[in-house]
There are 2 protein chains.
Amino acid sequence: MMITDSDQARPIPEPTLRRLPTYHHFLKTLEAEGREAVSCSTMGRELNLDPTQIRKDLAMTGITGRPKIGYVVTDLIGAIESFLGWNDIQQAFLAGVGNLGAALLGYQQFNRYGLDIVAAFDTDEAKIGRQVQGKEVMPLSKMADLARRMHVHLGIITTPAEHAQYVADQMVAGGIEAIWNFAPIVLSTPEHIIVQDEDLFSSLAVLSRRLRTRLQAMQ
Amino acid sequence: MMITDSDQARPIPEPTLRRLPTYHHFLKTLEAEGREAVSCSTMGRELNLDPTQIRKDLAMTGITGRPKIGYVVTDLIGAIESFLGWNDIQQAFLAGVGNLGAALLGYQQFNRYGLDIVAAFDTDEAKIGRQVQGKEVMPLSKMADLARRMHVHLGIITTPAEHAQYVADQMVAGGIEAIWNFAPIVLSTPEHIIVQDEDLFSSLAVLSRRLRTRLQAMQ
DNA sequence: TAGATTGTTAATCGATTAACAATC
DNA sequence: TAGATTGTTAATCGATTAACAATC
């Protein structure tokens with residue numbers, strides 16, 4: 001089936017979206033090696049994924065392959081980049097300049113993946129006015145107003161859990177539409193706000209349970 | 001159906017494991033307020049989850065509720081903690097003391113969630129020997145040997161993508177069984193090694209696509 | 001041509017949601 | 001008692017995997 005623009009309205013499966021950057025990274029290494037084409041079976045072997053699944057994921061980007069040959073590497077890279085919107089960069093505000101906040105501010109690579117953290121906010125007087133990773137820290141009280149004036153639609157929360165809800169409220173007040181939440185709490189926000197939780201404790205729960213099960217099995 | 005010890009052998013659904021820390025956090029706030037019991041409907045309303053789903057998740061921990069009353073808050077907290085193994089703490093090594101590595105080293109809260117990062121490793125001479133977040137940075141060349149001698153089974157990779165595979169190999173050589181991988185690449189490891197990927201670029205892909213779809217719909 | 005590979009439909013699998021009897 | 005809530009089975013939903021004809 002052909003993928004047309006109107007079809008794109010239907011939601012892309014989240015697992016597919018998560019895998020696309022993985023494909024992109026792998027394809028970039030192939031490109032660097034001078035490989036021109038690649039098959040789903042090859043990719044599946046390297047990435048531990050089912051080839052059919054890869055084929056379906058790639059079809060979402062609108063690119064087609066050729067039987068016996070596979071997909072053209074550079075075409076695929078371009079298709080993924082434009083599908084994920086890595087060309088037009090989203091501006092974002094970050095609130096909470098602790099260790100994690102500073103780490104995200106310093107993540108230069110974000111710029112190549114469609115994200116630009118343009119300003120950081122905190123309530124700590126000791127941090128306000130200072131530069132962190134080359135970005136000035138501003139008082140949280142100015143965030144909402146600035147977001148509205150700069151048309152920033154994405155907010156990143158890296159505060160401790162107890163301040164996260166207040167920050168989220170401020171972001172919503174500033175017209176922010178999507179929140180990337182690194183605080184381990186469930187935010188309460190208006191229906192239409194997109195919230196993506198990045199909860200390290202949840203991930204840790206999965207990992208440590210799997211490890212414990214394994215260590216027990218080894219005895 | 002009763003959950004017995006032998007049943008625990010069957011794998012717990014990953015989504016369930018991910019939600020348990022969320023319940024725990026919410027229950028802790030209820031406990032602080034002095035609430036003695038809570039129903040799944042109440043929790044579902046606060047956490048935006050289906051009550052039946054919560055009921056099934058909680059059943060995994062072995063705790064039972066009482067019709068009309070609900071669950072005893074403190075019992076539930078204890079059951080989740082022991083189910084997730086937050087009492088016996090896993091020791092871990094971290095490799096790659098950049099911004100993100102330093103942030104994880106400084107995450108005091110990990111200690112309450114069953115994780116203790118006991119040492120950090122890097123290849124950068126400027127970092128080796130220095131303390132970061134109160135933990136000494138040691139040369140990566142010593143990691144494998146130390147892991148084996150200290151019986152450390154969990155490794156955390158926070159290096160740039162290009163060094164992650166080498167670090168993973170070293171961890172495997174040191175007898176590490178599980179890897180928490182923050183580098184955005186697919187590691188190639190022996191079959192039995194547990195790898196959990198924490199790929200921020202994948203998460204970002206999901207979030208920025210959702211946001212873009214929404215901004216387009218708003219026009 | 002023969003065979004590897006694509007594109008696509010069908011079957012499977014697992015998680016979520018709905019339905020409902022049991023119970024406090 | 002009546003009604004809210006649990007525990008559990010059945011139905012639904014969506015993603016993964018298998019099957020297979022089309023094609024280079």
Side-chain angles (χ1 to χ4, degrees), chain A residues 1-4 7 9-20 22-23 27 30 35-73 75-76 79-80 186 202 205-206 209-210, chain B residues 1-4 7 9-20 22-23 27 30 35-73 75-76 79-80 186 202 205-206 209-210:
Chain A
M1 189 196 67
M2 270 284 294
I3 302 282
T4 65
D7 284 321
R10 79 173 74 160
I12 309 297
E14 180 168 325
T16 296
L17 285 172
R18 289 200 163 271
R19 285 187 295 263
L20 287 174
T22 309
Y23 302 146
L27 291 164
L30 289 188
R35 277 281 290 277
E36 295 202 346
V38 65
S39 73
C40 291
S41 13
T42 306
M43 292 184 68
R45 217 175 304 115
E46 295 294 327
L47 303 175
N48 300 317
L49 291 170
D50 185 291
T52 305
Q53 185 166 75
I54 297 176
R55 210 166 289 128
K56 283 195 167 178
D57 288 342
L58 297 183
M60 293 284 177
T61 68
I63 215 85
T64 57
R66 290 201 309 181
K68 177 102 172 158
I69 291 151
Y71 300 80
V72 176
V73 172
D75 290 0
L76 217 38
I80 292 174
V186 175
S202 290
V206 177
R209 167 119 204 143
R210 283 204 254 167
Chain B
M1 187 196 66
M2 271 283 295
I3 304 282
T4 66
D7 284 321
R10 79 173 74 160
I12 310 297
E14 179 168 325
T16 296
L17 286 172
R18 289 200 163 269
R19 285 187 295 262
L20 286 174
T22 308
Y23 303 146
L27 291 163
L30 289 186
R35 277 281 291 276
E36 296 200 345
V38 65
S39 72
C40 290
S41 10
T42 306
M43 292 184 68
R45 218 175 303 116
E46 295 293 326
L47 303 175
N48 301 318
L49 291 171
D50 184 293
T52 305
Q53 185 167 74
I54 298 176
R55 209 167 289 128
K56 283 197 168 174
D57 289 343
L58 297 182
M60 293 286 178
T61 69
I63 216 81
T64 56
R66 289 199 310 181
K68 176 102 173 160
I69 289 150
Y71 300 80
V72 176
V73 172
D75 290 0
L76 218 38
I80 293 173
V186 176
S202 291
V206 177
R209 167 115 204 147
R210 284 205 252 165

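Just so you know, these numbers use all the heavy atoms, side chains as well, and skip hydrogens, waters and symmetry mates.
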For [X], all residues meeting side-chain contact (heavy atoms from CB on, under 4.5 Å), sequence neighbours excluded:
| X | value |
| --- | --- |
| B:P67 | none |
| A:R45 | A:S41, A:T42 |
| B:D75 | B:I63, B:V72 |
| A:S202 | A:D199, B:R18, B:P21, B:T22 |

Please list, for nucleotides 22-24 of chain D, all pairs of protein and nucleotide N/O atoms separated by less than 3.5 Å.
none

In whole angstrom, give the distance that lies between atom CG of A:L76 and atom P of C:dT6. 11 Å

Pairwise N/O distances under 3.5 Å, protein to nucleotides 13-20 of chain D:
from   : atom 1 : to    : atom 2 : distance (Å)
D:dT16 : OP1    : A:R19 : NH1    : 2.9
D:dT16 : OP2    : A:R19 : NH2    : 3.2
D:dT16 : OP2    : A:Q53 : NE2    : 3.4
D:dT16 : O5'    : A:Q53 : NE2    : 2.8
D:dT17 : O4     : A:K56 : NZ     : 3.1

Just the dot-bracket of DNA chain D, please: which string comes out with Watson-Crick or G-U pairs under 3.5 Å, [ ] for crossing, | for another strand? ..||||||||||||||||||||||

Looking at A:V186 and B:E46, what are the two nearest heavy atoms and their distance? CG1-O, 4.1 Å

Under the side-chain hydrogen bond (donor to acceptor under 3.5 Å, both in side chains) test, residues paired with [X] that sit two or more places apart:
| X | value |
| --- | --- |
| B:D50 | B:T52 |
| A:T16 | A:D57 |
| A:R55 | none |

Test salt bridge (Lys or Arg N to Asp or Glu O under 4.0 Å) applied to A:R210 - qualifying residues, sequence neighbours left out: none

A:E36: what forms a salt bridge (Lys or Arg N to Asp or Glu O under 4.0 Å) with it, not counting sequence neighbours? none

